[in-house]
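One structure below.
Quick caveat, the model's predicted, so the values are computed rather than measured.
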Amino acid sequence: GWLYGGLPAFRSARTAFIERSHGDLFQSRADALQSAHRAGLRSFIRYGWRWSWRVAVFTTIFNMVSTGLSVYRDKTTISNFATAGAFTGSLFRMHLGLQGLAGGILLGTLFGIPAGGLLIAAHSLSGETLQEKRNRERRELYEQKLAEWQSRLGVTEDIGQTEPNTQGGPEMERARE
């Protein structure tokens, strides 16, 4: 987002500075270039920031909704991503009224479908799908907790034989020594 908003702003601010400063006096050519780059850098930071936080919020909401749907439905499908895109798009265009809401739903769905398809395809290339990975991790966690529970139950030593009599307190231990 920062590059998407910042690079065009950098170019346009630098060319606008060059066009405006034909009558200005500079110490040297390097000073003129440095001033042009400073103007471009200010625009890069300003407009890059505007785009970066919006892209970060958009992707965060999109990922939260699609992950939430996948966990709730216990399966990962393209419809989860389409729904997440529609929700996020409508949320960002809601302030434009009913037409903006409808446009946000349409554009969000159109961007969510290829994003979901790309993610599902990338995970299938890795050898296991998201569903298989989630089920494997659940099974491994269950087996680990079951092994811990069984090891706790497997203690067969008598607690009274391994620990000294603590009813007497520290005075009784000193007396035994």
Side-chain angles (χ1 to χ4, degrees), residues 1-24 26 29-142 144:
W2 204 300
L3 291 175
Y4 181 78
L7 288 178
F10 178 84
R11 277 190 230 111
S12 66
R14 192 180 63 156
T15 56
F17 179 82
I18 291 170
E19 290 171 359
R20 281 192 324 260
S21 65
H22 281 295
D24 294 347
F26 294 100
R29 177 169 161 60
D31 185 36
L33 282 173
Q34 190 176 34
S35 296
H37 282 295
R38 259 191 248 119
L41 187 60
R42 280 192 304 269
S43 288
F44 178 83
I45 291 170
R46 181 182 309 129
Y47 291 104
W49 169 251
R50 286 181 184 175
W51 272 96
S52 67
W53 75 264
R54 288 180 176 124
V55 168
V57 169
F58 186 88
T59 56
T60 300
I61 293 171
F62 177 84
N63 285 327
M64 285 176 56
V65 171
S66 66
T67 303
L69 286 171
S70 294
V71 169
Y72 180 73
R73 297 177 66 200
D74 200 26
K75 61 182 175 180
T76 301
T77 60
I78 291 183
S79 64
N80 293 348
F81 295 100
T83 304
F87 177 77
T88 309
S90 66
L91 194 62
F92 271 76
R93 294 293 168 212
M94 188 174 12
H95 69 282
L96 297 175
L98 194 55
Q99 290 177 340
L101 187 71
I105 289 172
L106 181 67
L107 283 174
T109 303
L110 290 177
F111 285 122
I113 290 172
L118 186 64
L119 283 170
I120 290 172
H123 277 285
S124 66
L125 289 176
S126 69
E128 73 180 342
T129 64
L130 288 171
Q131 184 67 31
E132 293 168 349
K133 180 181 177 184
R134 192 177 310 128
N135 288 338
R136 179 182 50 81
E137 288 174 350
R138 279 187 200 157
R139 186 177 60 256
E140 289 172 356
L141 182 64
Y142 172 76
Q144 178 186 2

(message) Which heavy atom of S79 sits nearest to which heavy atom of R73, and what is that distance?
(response) OG-NH1, 3.2 Å
(request) Can you tell me which residue pairs pass the side chain to side chain donor-acceptor pair (under 3.5 Å) test with a partner in residues 49-58, sequence neighbours excluded? (result) none
(request) Assess whether atom CZ of F111 is packed by more than 12 heavy atoms of other residues, nucleotides or ligands within 6.0 Å. (result) no
(request) Would you kindly say whether N80 and S66 are connected by a side-chain donor-acceptor distance under 3.5 Å? (result) no
(request) Compare every heavy atom of I78 with every heavy atom of G117, then report the nearest pair and how far apart it is. (result) CA-CD1, 4.0 Å
(request) Return the minimal non-hydrogen interatomic distance between A9 and S12, and the atom names on each side. (result) O-OG, 3.2 Å
(request) Can you sort out the partners of R139 under salt bridge (Lys or Arg N to Asp or Glu O under 4.0 Å), two or more places apart, ordered by chain and number? (result) none
(message) Restricting to non-hydrogen atoms, name the atom on F62 and the atom on G112 that form the minimum distance, rounded to 0.1 Å.
(response) CE1-CA, 4.1 Å
(request) Taking only Lys NZ, Arg NE, NH1 and NH2, and the carboxylate oxygens of Asp or Glu, determine whether R136 and E132 approach each other closer than 4.0 Å. (result) no
(message) Atom CZ of residue position F87 - does it have more than 12 heavy atoms of other residues, nucleotides or ligands inside 6.0 Å?
(response) no
(message) For the OG atom of S43 and the CZ atom of R38, what is their distance to the nearest 0.5 Å?
(response) 13.5 Å
(request) Look up atom CZ in F81 and atom CD1 in I120, then write down how far apart they are to the nearest 0.5 Å. (result) 5.0 Å
Can you give the donor-acceptor pairs under 3.5 Å from side chains of residues 92-110 to other protein atoms, not counting sequence neighbours?
from, atom 1, to, atom 2, distance (Å)
H95, ND1, F92, O, 3.4
T109, OG1, I105, O, 2.7

(request) Please examine the side chains of K133 and S126, heavy atoms only from C-beta on, and report whether any two atoms are closer than 4.5 Å. (result) no
(request) Report yes if the side chains of H123 and T76 come closer than 4.5 Å at any heavy-atom pair, otherwise no. (result) no
(request) List the atom of K75, the atom of R134, and the distance in Å for their closest heavy-atom pair. (result) N-NH1, 4.1 Å
